[in-house]
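Notes follow the structure.
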Amino acid sequence: QVQLVETGGGLVQAGGSLRLSCAASGRTYAMGWHRQAPGKEREFVAGISGDTTNYADSVKGRSIISKDNAKNTVYLSMNSLKPEDTAVYYCAGGLSAISPEYWGQGTQVTVSS
């Protein structure tokens, strides 16, 4: 069992930036981020496996996912934030970032207009 702990959420103004961090208790093949907005289903945001990254269209071009293998920590940097980015962001890990086995507890990101 791998434990994932997210940090870095909060309140941000539209157009601003933030960086989320996720520390893993063990190694997984892939790690990533999903988010769930109120009244909506959880959706994939970004994933990383080795040197390969992928992003949802909604965040592509204004987000970067990266990983520090020495720290077993994955980061999600987002800029040009929009109110529609408001959601609980979940760290995910496993064989696939899109269909992960492990989830963090989530961190709230609120973007004010």
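Keep in mind the model is a prediction, meaning the values are calculated, not measured. We use all heavy atoms of the structure for the numbers below, so side chains are in, but hydrogens, waters and symmetry mates are not.
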(request) Sort out for me which residue in Glu41, Glu43, Glu84 forms a salt bridge (charged side-chain N to carboxylate O under 4.0 Å, His left out) with Arg35. (result) Glu43
(message) Please check: side-chain N/O of Tyr55 versus main-chain N/O of Ile65, any donor-acceptor pairing under 3.5 Å?
(response) yes
(message) Taking the side chain as everything from C-beta on, heavy atoms only, tell me whether Ile98 gets closer than 4.5 Å to Asn54.
(response) yes
(message) For a quick test of reading the model, state the closest non-hydrogen atom pair linking Ala37 to Thr86 and the distance between them.
(response) CB-O, 3.6 Å
(request) Return yes if some donor-acceptor pair links the side-chain N/O of Glu6 with the main-chain N/O of Gln105 below 3.5 Å, else return no. (result) yes
(message) Donor-acceptor pair, distance only, cut-off 3.5 Å: does the side chain of Ser96 make one with the backbone of Ser99?
(response) yes
(request) Answer with yes or no whether the hydrophobic clustering places Val109 together with Ile64; edges join I, L, V, M, F, W, Y residues whose side-chain heavy atoms lie under 4.5 Å apart. (result) yes
(request) Could you pull out the closest heavy-atom pair between Ala97 and Ala30, with the gap in Å? (result) N-CB, 3.6 Å
(message) Please report the interatomic distance NZ(Lys67) to CG(Asp51), rounded to the nearest 0.5 Å.
(response) 11.0 Å
(request) With rounding to the nearest 0.5 Å, note down the distance linking OG in Ser25 to OH in Tyr102. (result) 8.5 Å
(message) Do Trp103 and Val88 sit in one hydrophobic cluster, given that two such residues count as connected whenever their side-chain heavy atoms are within less than 4.5 Å of each other, even indirectly?
(response) yes
(request) May I ask you to decide whether Asp85 forms a salt bridge with Lys82, counting only side-chain N to carboxylate O separations under 4.0 Å? (result) no
(request) Measure the spacing between OG of Ser63 and CG of Asn79 and express it to the nearest 0.5 Å. (result) 7.0 Å
(request) State yes or no: do Tyr75 and Phe44 share one hydrophobic cluster built from I, L, V, M, F, W and Y residues joined by side-chain heavy-atom distances below 4.5 Å, directly or via other members? (result) no
(request) Considering non-hydrogen atoms only, spot the tightest contact between His34 and Pro100 and give its length. (result) NE2-CD, 4.1 Å
(message) Does Leu18, at its CG atom, have more than 12 non-hydrogen atoms belonging to other residues, nucleotides or ligands within less than 6.0 Å?
(response) yes
(message) Could you see if Val45 belongs to whatever hydrophobic cluster contains Tyr90? Use Ile, Leu, Val, Met, Phe, Trp, Tyr and a side-chain cutoff under 4.5 Å.
(response) no
(request) Give the minimum heavy-atom separation between Val74 and Cys91, together with the two atoms involved. (result) CG1-SG, 4.0 Å
(message) Between Arg27 and Asn69 (side chain of the first, backbone of the second, donor and acceptor by atom type, cut-off under 3.5 Å), is there such a pair?
(response) yes
(message) Testing the basics here: between Tyr29 and Ser49, what is the closest heavy-atom pair and its distance to 0.1 Å?
(response) CE2-OG, 3.1 Å
(request) In sequence, state the C-alpha distance, the side-chain angles, and the governing distance for Leu4 and Thr28, and then conclude on side-chain contact (heavy atoms from CB on, under 4.5 Å). (result) CA-CA 11 Å; Leu4 304 173; Thr28 61; 5.7 Å; no
(message) Can you confirm whether Met78 sits close enough to Trp33 that some side-chain heavy atom of one is under 4.5 Å from a side-chain heavy atom of the other?
(response) no
(request) Measure from the side-chain N and O atoms of Gln108 to the backbone N and O of Gly9, and report whether any donor-acceptor pair falls under 3.5 Å. (result) no
(request) Could you tell me the separation between the OG atom of Ser17 and the CG atom of Leu81, rounded to the nearest 0.5 Å? (result) 6.0 Å
(request) For Thr107 and Leu20, work out which heavy atoms get closest and say how close. (result) CG2-CD2, 4.1 Å
